[in-house]
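Everything on this sheet refers to the single structure shown next.
All figures in this text were calculated on a predicted structure; none of them were measured in a lab. Start at 1 and go down the list; that is how both ligands and their atoms are numbered.
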Amino acid sequence: MAPSRLLSFVLTSLFIAPSLSITITQSSQLTTSTFDYVIVGGGTAGLVIANRLTENPHVSVLVLEAGGSDQGIVAAEAPFLGPTLTPNTPFDWNYTVTPQASLNGRSFPYPRGHILGGSSSVNYMVHQVGTNEDWNRLAAVSGDPGWAWNNMRQYISKTEKFVPPIDGHNTTGQFIPSLHGFNGEVLCSLPGGNQTIDSRVIATTQQLAEFPFNQDTMGGDHSLLGVGWMQSTDGGGIRSSSSTSYLAQANSRPNLTVLINATVLKLIQTGTSGSLKAFRSVQFANTGATSVATCSGLRTVTARKEVILSAGSIGSTQILQLSGIGDAKKLASLKIPSTINNPNVGENLSDHPLLPNVFSVKGNLSFDGILRDPNQINNAVGQWISSRTGIFSNNVANHYGFARLPPSSTIFKTTHDPAAGPTSPHWEMVFANFWFNPTVALPATGSFMTIVTVVISPTSRGSITLASSNPFDKPLINPNFLSTDFDIFAMRESVKAIKRFLAAPAWSDYVIGPFGDAFSKAKTDAQIEKYIRGLATTIFHPVGTASMTSAKSSAGVVNPDLTVKGAAGLRVVDASVFPFVPSSHTQGPVYLLAERAADIIKAAA
Ligand SMILES: Cc1cc2nc3c(=O)[nH]c(=O)nc-3n(C[C@H](O)[C@H](O)[C@H](O)COP(=O)(O)OP(=O)(O)OC[C@H]3O[C@@H](n4cnc5c(N)ncnc54)[C@H](O)[C@@H]3O)c2cc1C
Ligand SMILES: *[C@@H]1O[C@H](CO)[C@@H](O)[C@H](O)[C@H]1NC(C)=O
Ligand SMILES: *[C@@H]1O[C@H](CO)[C@@H](O)[C@H](O)[C@H]1NC(C)=O
Ligand SMILES: *[C@@H]1O[C@H](CO)[C@@H](O)[C@H](O)[C@H]1NC(C)=O
Ligand SMILES: *[C@@H]1O[C@H](CO)[C@@H](O)[C@H](O)[C@H]1NC(C)=O
Ligand SMILES: *[C@@H]1O[C@H](CO)[C@@H](O)[C@H](O)[C@H]1NC(C)=O
Ligand SMILES: *[C@@H]1O[C@H](CO)[C@@H](O)[C@H](O)[C@H]1NC(C)=O
Ligand SMILES: *[C@@H]1O[C@H](CO)[C@@H](O)[C@H](O)[C@H]1NC(C)=O
């Protein structure tokens, strides 16, 4: 059972009626059909663009968002309750992956935020920006030095507003202030609540040379290798999303219109510009229909300057294909007329696979006792509502770390090192003080800790394809998880490594051992692989489906300025344009990408 399902009654019982002060919900409320810019998707990237473009009061912007308001939803505000927002809730697109060939044919949920703020309103708020090598590789692949870290670094100060932790403790040594921004839009903070395993994690970094302490886990100018304190996009015990930050700062601007409950069906070609086809019109309808025939409020709006597609790695891909921008042959089989034949659209999907390794622990200091007791949950919710303190004011983990495979690893005899560079990680570990297994129910008794491991430099590539020409049908999402020798090798070695981590003296009076049959029996390489294939899922970082390549390249989907190849008046600004998944959690990289994209768009105007 997901922690989400475990706590689902919290979510439903705490839905406070939203107050829609700045947004409109029906297409009939629009007073014009023409705007300077139309942004498709009010998510992480889309609301950054909306904010930055409307800094100029003479620029008019419409944001079309399929989801509803994020206001007044306790689970979207209390950091620890983030995992209750997905999957299969009113705030989720409810996608699943196709049966995964390398994961015993399993299918599982593939959440995406269906709400103002997009995935930044439903994610787990881990804050990082990728490594400098991620950005330098992007610059090399795209041929645009503007994507290199020495240029991207400047956007940290526009994005980050670092604030003290909720418990006000002295954070000296837990992060490096000079690397951070203190006047940007999104609140970021260090943990403000003890998870009881904290002192053991830190002690391990002193006891084992393999796992050094990392004083700052954001990335960028500082190495991600080692174990350190988690930074989260929250402040004062409350989630900070693109909606509560970028949009809240901009929502009094008269030339910004945000229409929620508006599902975009497709882009419409509006003419040509030399050899390029212009796509400046957007067709949308009120959310909630199942077919074009039954949808209400069908309407078309037009951008004088540009349409910005920010519907995310799944949504943007689907909209491009529904608009005829994709593989002409595949689209023809669905009777969708081709507008720009580009077989790369939807290909090269890349994501980080996740493995929740659960251990039994002694005593009752884990959170499991609280999380299986409705009374204690209610008390904790009450405490959060009255004072923004307590267990739910903190994120779900306080520590995590990143590591590389040893250079002598046998895999490097057959596989070129896929890391972003020689100092970027291959895998990640996240420490949670409780049962955190998305596929198996919390047992009725027992205390647990979970070390989630993640392959950070995967070589598997998948795809997103349309299931039909109906824009309300979910696309087929195939991340092809753990389908390469490298990926399964890295995940296997991560399992061995965390066992070494827990062999440190710091854990001797705490950890009992791996929980469950499959994990307990996973001793040989073959047994570990079997365990992995039966359990691994996703840490929700899809990218690559509208990859950025150099302007001269016919591979890829967008140019380095994020314009769509072969199109005029159309850019993609969201996670889908990263050709490689960053060596970190992906929200921060999306914020930085969107900040630079806004500068590019302004300069082109
Ligand atoms: C459950 C979960 C947990 C995560 N945890 C973390 C984490 O801890 N740290 C981290 O760094 N990253 C995390 N991520 C990943 C991170 O949130 C994403 O990489 C990032 O937010 C993606 O931003 P985006 O702008 O590309 O897309 P999104 O933020 O998803 O925005 C896309 C928006 O477009 C809208 N949209 C889509 N299709 C349409 C349409 N047809 N019409 C109108 N609107 C549409 C969507 O509703 C959404 O609002 C998590 C993601 C999930 C889902
Ligand atoms: C809104 O933008 C338009 C141009 O797109 C401009 O003509 C108008 O003056 C702006 N309105 C305000 C209130 O600034
Ligand atoms: C996802 O599923 C939930 C629960 O069934 C439902 O309320 C919600 O409307 C669904 N989301 C979408 C986008 O259909
Ligand atoms: C925080 O701790 C550091 C190191 O222990 C110390 O130098 C500093 O003065 C402390 N700051 C405050 C505000 O107490
Ligand atoms: C956290 O809790 C553990 C166990 O209760 C305790 O040993 C440790 O000192 C605490 N750490 C802090 C910083 O309070
Ligand atoms: C979205 O639009 C549909 C169709 O008009 C309507 O039934 C529904 O209540 C709307 N939702 C919101 C949040 O306004
Ligand atoms: C944990 O165990 C101790 C000692 O048995 C007991 O006093 C305490 O109430 C327990 N705490 C919880 C949260 O169950
Ligand atoms: C897509 O992936 C293939 C195989 O991994 C690779 O050769 C190609 O360069 C990638 N294309 C883009 C645009 O990233």
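Taking atom 18 (C) of ligand 1 as the reference point, the nearest protein heavy-atom neighbour is T586 OG1, 3.8 Å. From the protein, the heavy atom lying nearest to atom 2 (C) of ligand 1 is F540 CD1, 3.3 Å. In terms of protein heavy-atom proximity, atom 50 (C) of ligand 1 is closest to N123 CB, 3.3 Å. Of all protein heavy atoms, the one closest to atom 42 (N) of ligand 1 is V264 N, 2.8 Å. Here the protein heavy atom with the shortest distance to atom 35 (C) of ligand 1 is E65 OE1, 3.3 Å. Closest to atom 5 (O) of ligand 8, if we only count protein heavy atoms, is R461 CG, 3.9 Å. Closest to atom 20 (C) of ligand 1, if we only count protein heavy atoms, is T44 OG1, 3.7 Å. The single protein non-hydrogen atom nearest to atom 9 (O) of ligand 8 is N348 ND2, 4.7 Å, given as residue, atom name and distance.
Contact annotation: A262 has at least one heavy atom less than 4.0 Å from an atom of ligand 1. G46 does not count as a contact of ligand 1, since none of its heavy atoms falls under 4.0 Å from the ligand. The shortest heavy-atom distance from I115 to ligand 1 is under 4.0 Å. Remark: distances from the non-hydrogen atoms of T549 to ligand 8 include one below 4.0 Å. Ligand 1 does not have F284 within reach: every non-hydrogen atom of the residue lies 4.0 Å or more from it.
Looking at ligand 1, you'll find an N or O of W93 within less than 3.5 Å of one of its N or O atoms. Taking only nitrogen or oxygen atoms, main chain and side chain alike, V40 does not reach within less than 3.5 Å of ligand 1. For T263, no nitrogen or oxygen atom sits less than 3.5 Å from a nitrogen or oxygen atom of ligand 1, counting backbone and side chain alike. Taking any N or O of M125, backbone or side chain, at least one lies under 3.5 Å from an N or O belonging to ligand 1. In terms of polar-atom proximity, defined here as any N/O pair under 3.5 Å, A66 does make such a contact with ligand 1. Annotation: G113 places an N or O atom under 3.5 Å from an N or O atom of ligand 1; distance criterion only.
With a 4.0 Å cut-off on non-hydrogen atoms, V126 touches ligand 1 through its backbone as well as its side chain. At a heavy-atom distance under 4.0 Å, only backbone atoms of S310 (N, CA, C or O) approach ligand 1. Residue-level proximity to ligand 1 for H541 is carried by the side chain, the only part with a heavy atom below 4.0 angstrom.
Atoms of ligand 1 lying under 4.0 Å from any heavy atom of P111, numbered from 1 in the order shown and given with element: 53 (C). Near G43, the atoms of ligand 1 lying under 4.0 angstrom from a non-hydrogen atom of the residue are 29 (O), 31 (O), 33 (C), 49 (O). Within the listing of ligand 1, atoms 26 (O), 27 (O), 32 (C) sit less than 4.0 angstrom from a heavy atom of G312. Short contacts between ligand 1 and A45, defined as distances under 4.0 Å to a heavy atom of the residue, involve ligand atoms 25 (O).
A donor-acceptor pair under 3.5 Å is formed between the side chain of E65 and the backbone N or O of G67.
Proximity of the aromatic rings of F436 and F434 is defined here by a centroid distance below 6.0 angstrom, and this criterion is met.
For atom 3 (C) of ligand 8, a protein heavy-atom neighbour is present inside the 4.0 Å cut-off. In this structure, atom 7 (O) of ligand 8 is not in close contact with the protein, since no protein heavy atom lies within 4.0 Å of it.
Under the 3.5 Å distance criterion, with hydrogens and angles disregarded, a donor-acceptor pair is assigned to the side chains of T549 and K565. Looking at Y110 and N94, their side chains never bring a donor and an acceptor atom within 3.5 Å of each other. Using modelled atom types and a 3.5 Å distance limit, the side chains of S120 and S242 yield a donor-acceptor pair.
At least one test fails for R596 against the ring of Y155: distance under 6.0 Å to the centre or angle within 45° of the axis.
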